[in-house]
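We count ligands from 1, going down the list as the structure has it; atoms in each ligand are counted the same way.
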Amino acid sequence: MKIWMNGTLIDEEQCCISVLSHGLHYGTSAFEGIRAYDSGSDVVIFRMMDHLARLRRSAAALGVPVHYSDEDLRDAITTVVRENGLRCAYIRPLISIGPGSLSLNLSSADNQPVVVIAAWDWGSYFSADQGISLITGVGRRVSSQAQLRQAKVSGAYANAYVASAAAREKGADEALLLDESGFLAEASAANIFLVKNGILMTPTCRAALAGITRDTIMTLANHLGYDVQEGDLSVKSLHEADEVFLTGTACQVTPVTNVDGRTVNGGNVGDVTRQLQCSYLTAVHSSSSFVSNVCVGTDSFRAA
Ligand code: PMP
């Protein structure tokens with residue numbers, strides 16, 4: 001695999017970074033997950049500039065300087081996808097506080113920032129594509145009061161990872177983390193939607209990442225005539241939902257067919273979920289004007 005590291009494309013084996021890097025010890029890295037889709041003639045990198053904007057915000061929240069423009073990063077991403085011969089890809093840019101001082105009492109500018117971009121073929125995120133099981137009660141999301149609540153920062157994922165591992169230990173596919181008041185927050189790396197009586201409901205972004213897939217689904221649902229409501233959602237509302245699904249770049253639109261051991265919609269993928277899953281897959285593969293008309297903002301490049 002060829003990886004872009006600090007401006008140069010190199011073999012993965014040659015990407016070396018000190019074991020005394022700040023990011024490794026304290027989780028002080030900002031990162032993104034982006035997907036590229038094969039649309040036939042083009043490779044479409046879905047909402048790339050929106051992902052880069054969030055990456056920049058996350059790096060700024062950590063105080064890590066980014067010495068590359070969005071255009072530099074965009075070119076680097078397209079190069080990585082192309083040079084690895086990929087047409088469908090999961091793309092992982094990461095900006096980390098590198099080697100230097102290991103003190104927490106430093107200006108991040110004292111340490112050399114490390115910027116890497118990797119891409120690989122990552123099909124389905126969950127093995128059970130036809131509906132996964134969720135479990136509550138195995139973890140709380142990082143507080144909505146926390147400084148880094150909207151930053152996609154490595155350190156926060158230790159909490160999410162432990163909750164997700166606890167869910168699997170209890171036989172479920174994924175954890176649904178609650179906020180500090182006990183309302184639904186999000187899964188370890190995905191947002192959640194409920195469908196009740198034809199209305200879509202999702203937690204506010206107070207204690208959930210403002211997902212780009214979440215935003216896309218809300219736009220598509222509105223276009224399809226669904227009412228979408230954001231609010232504080234109880235575990236009871238999750239148990240009583242007609243349909244449940246997760247959204248995220250990695251898991252796309254993943255139906256949930258079991259929550260806390262109870263089947264959702266008789267264990268079948270619901271009609272609304274199926275319809276939105278189809279619309280989403282059409283949107284991500286398309287660089288057509290319909291997509292930009294709904295401000296999905298797809299960026300594409302011609303494959304070499
Ligand atoms: N919440 C968390 C904690 C995540 O890591 C992700 C994945 N980035 C999401 C939600 C979904 O965000 P997006 O749709 O932008 O991938």
Between ligand 1 and the protein, which N/O pairs fall short of 3.5 Å?
from, atom 1, to, atom 2, distance (Å)
ligand 1, 1 (N), Glu186, OE1, 2.6
ligand 1, 5 (O), Lys152, NZ, 3.1
ligand 1, 5 (O), Tyr157, OH, 2.5
ligand 1, 8 (N), Lys152, NZ, 3.0
ligand 1, 14 (O), Ile212, N, 3.3
ligand 1, 14 (O), Thr213, N, 2.9
ligand 1, 14 (O), Thr213, OG1, 2.6
ligand 1, 15 (O), Arg54, NH1, 2.9
ligand 1, 15 (O), Arg54, NH2, 2.9
ligand 1, 15 (O), Ile212, N, 2.7
ligand 1, 16 (O), Thr249, N, 2.9
ligand 1, 16 (O), Thr249, OG1, 2.6

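Residue Ser133 comes nearest to Asp173 through the heavy atom pair N-OD2, 2.8 Å, listed as atom of the first residue, atom of the second, then distance.
Between Asp11 and Lys2, at least one side-chain N (NZ, or NE/NH1/NH2) sits under 4.0 Å from a carboxylate O, which counts as a salt bridge. Of the charged side-chain nitrogens involved, none lies within less than 4.0 Å of a carboxylate oxygen, so that Lys196 and Glu240 do not count as a salt-bridged pair.
Going from atom CD of Gln252 over to atom OH of Tyr125 covers 12.5 Å, rounded to the nearest 0.5 Å.
For residues 150-163, the set of pairs meeting the side-chain hydrogen bond (donor to acceptor under 3.5 Å, both in side chains) definition, not counting sequence neighbours, comprises Lys152-Tyr157.
Checking each of Phe245, Tyr226, Tyr280 against Phe193 for a ring-ring contact (aromatic ring centres under 6.0 Å, His included) leaves exactly one that passes, namely Phe245.
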